[in-house]
Amino acid sequence: MEKRWVQAAQNDQETTESLAQQLNIDNSLAQVLVQRGISSFDEARNYFRPQLDDLHDPFLIKDMEKAIARIDHALASGESIMIYGDYDVDGTTSVALAYSFFSQLTDRIMYYIPDRHKEGYGVSTAGIDYASANKFSLIIALDCGIKSNDKVSYAKKLGIDFIICDHHLPGEELPEAVAVLDPKRSDCTYPFKELAGCGIGFKLAQAYALKHNLPKDSYEQYIDLVMVSIAADIVPVTGENRILAHHGLIKLNTRPCLGLKALMQSTGRDKDFTLTDIVFSIAPRINAAGRMDHANEAVKMLLCNEDDLAREQSLFINLQNSERKTSDQNTTAEALAIIEDCEIQINRKTTVVYNQNWNKGVIGIVASRLTEKYYRPTVVLTASNGLLTGSARSVAGFDLYEALSGCADLLVQFGGHKFAAGLTMKPENIDHFSDRFERVVAESITDDLLCPELYIDTEISFSQIDGKFQRIIAQMAPFGPDNPTPVFVTHNVFCAGNPYIVGAKHLKLNVKQQNSVTFDSIGFGLAELQNEIQPNRPFSICYTIEENVWKEQKRLQLNLKAIKFEQ
């Protein structure tokens with residue numbers, strides 16, 4: 001699908017020029033920084049050199065004092081504590097972190113993750129019943145629980161207290177927990193609102209350590225787990241998340257926990273991982289356990305303290321990931337066939353597809369694939385325990401959670417955020433939901449939002465690109481939401497030599513401007529443009545700049561995102 005080129009407004013030239021002088025960098029790079037909210041030397045220093053000492057005081061989170069007091073009471077009186085978490089990457093890393101940290105303080109502790117297929121998302125009645133039967137009186141729920149009001153009330157009747165560590169949007173009323181740690185609470189003044197679930201667990205551990213004068217390493221040793229959750233949960237890589245991701249990557253690439261180390265090695269390498277590598281290589285493997293069987297296997301791997309056990313567990317996780325790939329490819333093909341065979345579906349501004357036989361564990365992936373294909377808000381549903389359960393995905397700039405709120409009376413429950421959500425409904429409501437969802441979205445979405453955009457930071461010429469330019473860009477990492485890899489546009493570009501195809505779909509060519517040096521470039525998925533490129537025909541390119549290593553030789557390479565030919 002062709003993308004709209006959207007170039008950032010090039011304003012505040014005075015601030016840009018001042019910052020360029022202070023940092024001794026190219027004006028275009030200073031412009032990129034200003035567009036990301038960095039306008040002074042001190043802000044630039046914090047951005048380029050994130051410091052763990054700049055993390056906020058965890059006691060600024062509403063209810064943190066209550067949470068620590070309840071944990072203290074549990075430890076002092078020998079209560080049994082259950083660490084409860086969701087079955088995705090954020091949930092499993094959260095559980096691994098909290099279980100590892102509090103295991104330093106008590107052996108009366110265990111973890112519990114619901115079965116995706118039998119219990120569904122969030123706090124389950126089965127989990128509470130298990131806690132009651134095994135005499136657990138405190139449950140610390142991570143990456144879930146903020147809307148589990150009925151379950152928390154049920155637990156309270158059984159004499160079980162809850163501490164909720166969540167980052168999802170709360171409902172109108174909070175659960176009756178001893179403490180609800182969620183920066184998105186309307187009455188929480190914590191300065192950073194976008195922590196992942198594992199980040200909330202990290203703040204809980206940090207608070208406990210500060211309260212009891214434990215060494216920083218008692219909680220900072222788990223920062224690689226926090227970084228993996230940040231990458232996998234697609235939260236903004238700004239503020240505290242940037243600090244945690246930066247230092248988490250350092251730990252991952254130097255001294256990762258044994259489970260992550262084994263998982264990294266299973267990909268064919270064990271260093272120089274980026275957040276993008278986590279998203280595409282590590283996170284799917286961790287997720288595969290909960291999608292295909294039970295997420296306990298992922299937690300077990302993350303908790304391994306022996307190399308051999310970690311390797312054995314990672315091999316098992318890899319096998320599950322292979323099964324997951326086959327399942328999601330088959331399901332995606334079936335979903336595409338449903339859409340393509342239905343004229344009504346083709347012409348809508350939303351996608352809602354259902355098949356009772358689809359694997360509940362892969363419908364989220366399928367929803368993402370369909371969104372990439374048709375670029376519109378998408379819901380994929382399957383049957384589960386007498387209900388329909390689904391995963392929803394949005395497009396940039398459109399609030400999916402708000403749209404689902406407009407269908408709330410047709411849903412048993414739903415939860416999530418702007419870009420992704422989960423939902424359940426009664427089978428008889430699917431047609432009503434499909435029509436209502438279409439109407440709600442159609443009334444509020446604009447045509448622009450239904451066409452993917454290619455965001456361009458600024459225009460540059462090839463004469464600006466050199467080793468120093470690239471080194472500054474590299475220091476802007478880690479990249480992710482709200483801090484993407486800078487995308488540049490250059491006009492009046494020519495092909496030097498003949499373009500050729502690599503890997504069937506990818507375009508390789510050398511590019512130059514008049515009187516400039518020549519740069520290697522690659523356009524992934526752009527092979528169809530090969531015949532349009534002529535030696536004397538100028539074109540414009542959007543691209544990122546990267547360092548390519550081939551046979552131990554490093555060269556700058558342009559990674560082409562799109563090509564437009566001059567009219």
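Given the structure is predicted, the values throughout are model-derived calculations rather than measurements.
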Next item on the list: Keeping to residues at least two apart or across chains, list the side chain to side chain donor-acceptor pair (under 3.5 Å) pairs with something in residues 228-238.
Entry: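 Non-adjacent pairs meeting side chain to side chain donor-acceptor pair (under 3.5 Å): His167-Asp233.
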Under a 3.5 Å distance rule, please check whether [X] uses its side chain to pair with a backbone N or O of [Y] as donor and acceptor.
{"X": "Asp86", "Y": "Cys144", "answer": "no"}
{"X": "Ser281", "Y": "Ile278", "answer": "no"}
{"X": "Asn321", "Y": "Ile317", "answer": "no"}
{"X": "Asn241", "Y": "Val235", "answer": "no"}
{"X": "His117", "Y": "Asn359", "answer": "no"}
{"X": "Asp63", "Y": "Val180", "answer": "yes"}
{"X": "Asn318", "Y": "Leu315", "answer": "no"}
{"X": "Tyr84", "Y": "Ser124", "answer": "yes"}
{"X": "Gln104", "Y": "Ser218", "answer": "yes"}
{"X": "Ser521", "Y": "Leu509", "answer": "yes"}

Other residues, nucleotides, ligands: >12 heavy atoms within 6.0 Å of [X] [atom1]:
{"X": "Lys193", "atom1": "NZ", "value": "yes"}
{"X": "Phe280", "atom1": "CZ", "value": "no"}
{"X": "Arg269", "atom1": "CZ", "value": "yes"}
{"X": "Lys184", "atom1": "NZ", "value": "yes"}
{"X": "Glu312", "atom1": "CD", "value": "no"}

Notebook entry, point to check: For the residue pair Leu449 and Tyr375, what are the closest heavy atoms and their distance?
Noted result: O-CE2, 3.2 Å
Margin query: Minimum heavy-atom separation for Ile164 and Gly145, please, with both atom names.
Written below: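 Minimum heavy-atom separation between Ile164 and Gly145: CD1-O, 3.3 Å.
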With a 3.5 Å cut-off and no angle check, do the side chains of [X] and [Y] form a donor-acceptor pair?
{"X": "Glu43", "Y": "Ser39", "value": "yes"}
{"X": "Gln475", "Y": "Arg49", "value": "yes"}
{"X": "Thr378", "Y": "Arg393", "value": "no"}
{"X": "Tyr87", "Y": "Glu119", "value": "no"}
{"X": "Ser94", "Y": "Asp143", "value": "no"}
{"X": "Asp328", "Y": "Thr331", "value": "no"}
{"X": "Thr490", "Y": "Tyr543", "value": "yes"}

Margin query: Exactly one of Arg255, Lys251, Lys261 should register a salt bridge (charged side-chain N to carboxylate O under 4.0 Å, His left out) with Asp224. Which one does?
Written below: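 Going through Arg255, Lys251, Lys261 one by one, the salt bridge (charged side-chain N to carboxylate O under 4.0 Å, His left out) with Asp224 is satisfied by Lys251 alone.
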Rounded at 0.5 Å granularity, tell me how far [atom1] in [X] sits from [atom2] in [Y].
{"X": "Asp26", "Y": "Leu23", "atom1": "CG", "atom2": "CG", "answer": "12.0 Å"}
{"X": "Leu558", "Y": "Cys542", "atom1": "CG", "atom2": "SG", "answer": "12.0 Å"}
{"X": "Ile501", "Y": "Leu526", "atom1": "CD1", "atom2": "CG", "answer": "9.5 Å"}

Do [X] and [Y] touch side chain to side chain, with heavy atoms closer than 4.5 Å?
{"X": "Thr267", "Y": "Leu263", "result": "no"}
{"X": "Lys561", "Y": "Phe524", "result": "no"}
{"X": "Phe419", "Y": "Ile234", "result": "no"}
{"X": "Ile522", "Y": "Asn548", "result": "no"}
{"X": "Met301", "Y": "Thr92", "result": "no"}
{"X": "Arg376", "Y": "Thr350", "result": "no"}
{"X": "Tyr455", "Y": "Pro484", "result": "no"}
{"X": "Trp358", "Y": "Val353", "result": "yes"}

Note to self: I'd like to know whether the aromatic ring centres of Tyr219 and Phe202 sit less than 6.0 Å apart in this structure.
What the structure shows: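 Judged by ring-centre distance (under 6.0 Å), Tyr219 and Phe202 do meet the cut-off.
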Notebook entry, point to check: With ring centroids as reference points, do Phe469 and Phe488 lie under 6.0 angstrom apart?
Noted result: yes
Item checked: Phe414 six-ring face occupied by Lys147 cation (under 6.0 Å, within 45°) ->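 Relative to the ring axis of Phe414, which defines the angle, Lys147 lies inside both limits.
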Next item on the list: Tell me, with the steps shown, if Leu195 and Leu244 meet side-chain contact (heavy atoms from CB on, under 4.5 Å).
Entry: CA-CA 10 Å; Leu195 289 166; Leu244 294 165; 4.1 Å; yes
Note to self: Would Arg242 and Tyr47 count as a side-chain contact (heavy atoms from CB on, under 4.5 Å) here? Give the steps.
What the structure shows: CA-CA 8 Å; Arg242 180 172 172 79; Tyr47 177 77; 3.4 Å; yes
Note to self: For Leu252 and Met264: C-alpha separation, side-chain torsions, deciding distance, then whether side-chain contact (heavy atoms from CB on, under 4.5 Å) applies.
What the structure shows: CA-CA 9 Å; Leu252 185 83; Met264 291 159 69; 3.6 Å; yes
Check: Pick one: which of Leu142, Leu97, Ile139, Ile113 meets side chain to side chain contact (heavy atoms under 4.5 Å, CB included) with Ile83?
Finding: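 Option passing the side chain to side chain contact (heavy atoms under 4.5 Å, CB included) with Ile83: Leu142.
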Next item on the list: Could you walk me through whether Leu204 and Phe101 pass the side-chain contact (heavy atoms from CB on, under 4.5 Å) test, one step at a time?
Entry: CA-CA 10 Å; Leu204 179 66; Phe101 178 80; over 6 Å; no
Next item on the list: Show the numbers, then the answer: is there a salt bridge (charged side-chain N to carboxylate O under 4.0 Å, His left out) between Asp53 and Lys216?
Entry: CA-CA 10 Å; Asp53 287 344; Lys216 284 185 177 181; 2.8 Å; yes
Item checked: salt_bridge(Glu297, Lys300) N-O dist < 4.0 Å ->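 Salt bridge: yes.
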Next item on the list: Would you check, one step at a time, whether the test salt bridge (charged side-chain N to carboxylate O under 4.0 Å, His left out) holds for Arg36 with Asp457?
Entry: CA-CA 10 Å; Arg36 297 181 187 206; Asp457 287 272; 3.2 Å; yes
